[in-house]
Amino acid sequence: MEVEHITIPTDPTHIQTHYGNSLIEDNRSLFFKIYPRKDSALADILFHMVIGQLPNIRNLRYTIRGSSQDMRLHCSILSPSGTQKGAAYSYQAQLCSQLSLKFKPMGLFTDSGLVGYPDGKNTTGRRARPRTNPNNPPTATTDDEPPAYEGDLSREAGHNILAWSEGTDVFDVKKFGYNQHTMNILQKAMNPIDSHDNIIEKTTGLGTITVKPVCSLLFTTYPPITLTTEVLGTGFMQRQITLIRDLELSQREQTALDSASNINTKLPEKDFASIIYRLKVINKFSETAHITVPKEIEPHIRTLISRFWTHVYSKNIIAQPKLGEFASRWSSNILYTTIFHHTLCRLSTTVSYEDIIYAESLLLPIWHDLCDFIEGVLKQDTPEYKLIVSDIHLILDTYLASPLKPAPEHLLIDILSSCWRISPGGALKRLRRYEQFLFTYQDTPDIPSELIEMIHPTELELMQDSFTTTRYLTLKTQIGDIY
């Protein structure tokens, strides 16, 4: 990236009017010139992916509980066909081009294409250093082994963003068995740079290729009908921001109408000039940056983290465990990276309340849509749901049948252990699992309050503060009356 003649401003007024939220707004305005809908979240996420690939920002690291994290963001856009996903894709490509960042459109992919292969016959790859066959090292009469060809994920390839405009195959469960290994490779590529989990190795008869990806990944596809727990269980979607854009018919009509004013439209380079220059300033500023979080800001971050988890508790008990996996990453890696990006965009190294507000306004609506989508995927007519309902019946019937009121916990556990054919300890864990469900119905005559208190007495008051009447009614609708 060219950094010549870049001057970092120091005037507070200039910084306020050209950087931080002002820069975000200017990017949105430019994005809306070619994208038919005023989708600020989409404009921002694509912008943050580019920010995370600015060389000096990509080199930054921060730690969470001693674990090193990088500043990249990855994204999937799930939207129906005909909603102009390609326009967003093209905008990011043009932005990268202006910054001398390498944006590569991807099609069908294989592990060889992503990682590379030690095969000199295929001339379409990028020639890398010669690899030596450990079982047959070169001799005086043998030249070097056929050279390896670096895959698209390798640092030698130099790509900043790999983008799949038709990412259906990644999410298509019908092809899951075929793509599982490739999905694991992509998953590792999104792990923190230079971490043990970021290293991808491929071994062949000619040796081992080692790849340590630093690029960001972008997928656009229609919402996959076949997305199931098999795909959700890989950890692939948990590592990225997933934008759900399921438009109503009227919105799709308006998108088609708006396209009439964008025929043969391509933004001239001069329209990007101001934004590009400011991004170069931010990159130069970040060269020696070390971000700090003041003590007075920490409570605001904790409050925002709690809001991610509160929404998880509002979903049915089938979806909650899976959403918990997403929340763990959203409320740490994705949240902190977004906050720190905004801090650097203000030409500052000290996190402020303004950064927290921005991250909240951007991420929480996306998070709510994602939670609703995943809850819909994990439908209540699954065998697991029926088993849970059966267990709830058993717990209540066992308690109500006890001659002692309140029934001793050890007696209840012994009976449930026998019925479930598991150890008492296992029965206790299963009983704890249903605490939120039973708490929801604590004011229902069918569930004695003593049973609720037995299941989790220490968190009863805390849960009472975090649940509302709306929450009770929501769960009652989702689960249905147990009697």
Side-chain angles (χ1 to χ4, degrees), residues 41 45 62-67 69 73-74 76 229 232-233 235-244 293 297-340 342 351 353 355-378 380 384-385 388 429 431-442 452 455-479:
I45 295 302
Y62 63 93
T63 59
I64 300 177
R65 294 180 295 275
S67 176
Q69 307 293 326
L73 286 176
H74 313 276
S76 285
T229 53
L232 291 174
F236 174 78
M237 292 182 66
Q238 288 86 326
R239 287 167 167 76
Q240 56 187 291
I241 296 175
T242 302
L243 285 162
I244 309 298
V293 181
I297 293 297
E298 292 179 4
H300 299 296
I301 296 179
R302 284 196 291 269
T303 299
L304 181 51
I305 290 174
S306 296
R307 296 192 64 182
F308 282 95
W309 286 93
T310 297
H311 200 65
V312 173
Y313 294 132
S314 73
K315 300 305 174 183
N316 66 52
I317 55 179
I318 298 296
Q320 284 180 10
K322 182 56 61 181
L323 288 174
E325 297 175 11
F326 281 79
S328 295
R329 293 185 181 275
W330 274 73
S331 62
S332 56
N333 310 60
I334 292 175
L335 173 61
Y336 289 130
T337 298
T338 304
I339 290 173
F340 296 158
H342 192 268
V351 175
Y353 186 58
D355 305 321
I356 311 301
I357 292 298
Y358 170 77
E360 178 180 6
S361 64
L362 172 61
L363 295 179
L364 275 183
I366 301 174
W367 172 245
H368 291 172
D369 290 342
L370 178 61
C371 288
D372 293 343
F373 175 75
I374 293 176
E375 184 183 39
V377 170
L378 303 176
Q380 297 178 7
E384 183 182 6
Y385 173 76
I388 289 176
K429 288 181 181 179
L431 186 61
R432 295 282 190 261
R433 180 183 177 191
Y434 303 130
E435 62 178 282
Q436 290 174 3
F437 178 89
L438 291 171
F439 177 81
T440 303
Y441 289 92
Q442 65 169 321
I452 303 298
I455 288 179
H456 221 299
T458 59
E459 295 188 8
L460 187 62
E461 183 176 351
L462 176 63
M463 293 174 66
Q464 191 166 8
D465 290 340
S466 64
F467 283 80
T468 64
T469 301
T470 302
R471 168 78 176 109
Y472 297 150
L473 296 176
T474 300
L475 266 184
K476 197 161 189 174
T477 300
Q478 292 171 341
I479 306 297

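These values consider heavy atoms only, across backbone and side chains, with no hydrogens, waters or symmetry-generated copies. In this chain, numbering begins with 1 at the start of the sequence shown.
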Handout entry: Side chains of Gln238 and Lys322 in contact at under 4.5 Å (non-hydrogen atoms)
Key = yes
Practice task
For the pair Arg239 (side chain) and Gly235 (backbone), establish whether a donor and an acceptor sit closer than 3.5 Å, ignoring hydrogens and angles.
Solution key: yes
Completion exercise
Separation between CD (Glu375) and NE2 (His311), nearest 0.5 Å, reads 8.0 Å
Problem - Least distance between heavy atoms, Val312 atom then Gly324 atom - result: CG1-N, 4.3 Å
Exercise for the section: First locate atom NE2 of His300, then atom OG1 of Thr303, and finally report the distance between them rounded to the nearest 0.5 Å. Expected result: 7.5 Å
Fill in the blank from the handout: Between Asp355 and Val351, the two heavy atoms sitting closest are OD2-CA, 3.5 Å
Exercise for the section: Look at the aromatic rings of Tyr62 and Phe340 and report parallel, tilted or perpendicular, splitting at 30° and 60°. Expected result: perpendicular
Got a list of side-chain donor-acceptor pairs under 3.5 Å for residues 363-372, not counting sequence neighbours?
unit_1, atom_1, unit_2, atom_2, d
Trp367, NE1, Phe308, O, 3.0
Asp372, OD1, Lys315, NZ, 2.3

Completion exercise
All heavy atoms of Asn333 vs all of Ile64, minimum pair found to be N-CD1, 4.1 Å
Completion exercise
Closest non-hydrogen atoms of Ala41 and Leu362, given as atom of the first, atom of the second and distance, are CA-CD1, 3.9 Å
Practice task
Start with the C-alpha distance between Ile374 and Phe326, add both sets of side-chain angles, then the distance that settles side chain to side chain contact (heavy atoms under 4.5 Å, CB included), and finish with yes or no.
Solution key: CA-CA 10 Å; Ile374 293 176; Phe326 281 79; 3.6 Å; yes
Fill in the blank from the handout: Interatomic distance, OH@Tyr313 vs CG@Leu323, rounded to 0.5 Å, equals 11.5 Å
Exercise for the section: In sequence, state the C-alpha distance, the side-chain angles, and the governing distance for Tyr336 and Val293, and then conclude on side chain to side chain contact (heavy atoms under 4.5 Å, CB included). Expected result: CA-CA 10 Å; Tyr336 289 130; Val293 181; over 6 Å; no
Exercise for the section: Return yes if some donor-acceptor pair links the side-chain N/O of Ser361 with the main-chain N/O of Tyr358 below 3.5 Å, else return no. Expected result: yes
Problem - CD1 on Ile339 to CD1 on Ile356, rounded to 0.5 Å - result: 3.5 Å
Practice task
Look at the side chain of Gln240 and the backbone N and O of Ser76, then say whether any donor-acceptor pair between them is shorter than 3.5 Å.
Solution key: yes
Practice task
State the NE2-CZ distance between His74 and Phe236, to the nearest 0.5 angstrom.
Solution key: 10.0 Å
Completion exercise
Between Ser331 and Ser328, the two heavy atoms sitting closest are OG-O, 3.8 Å
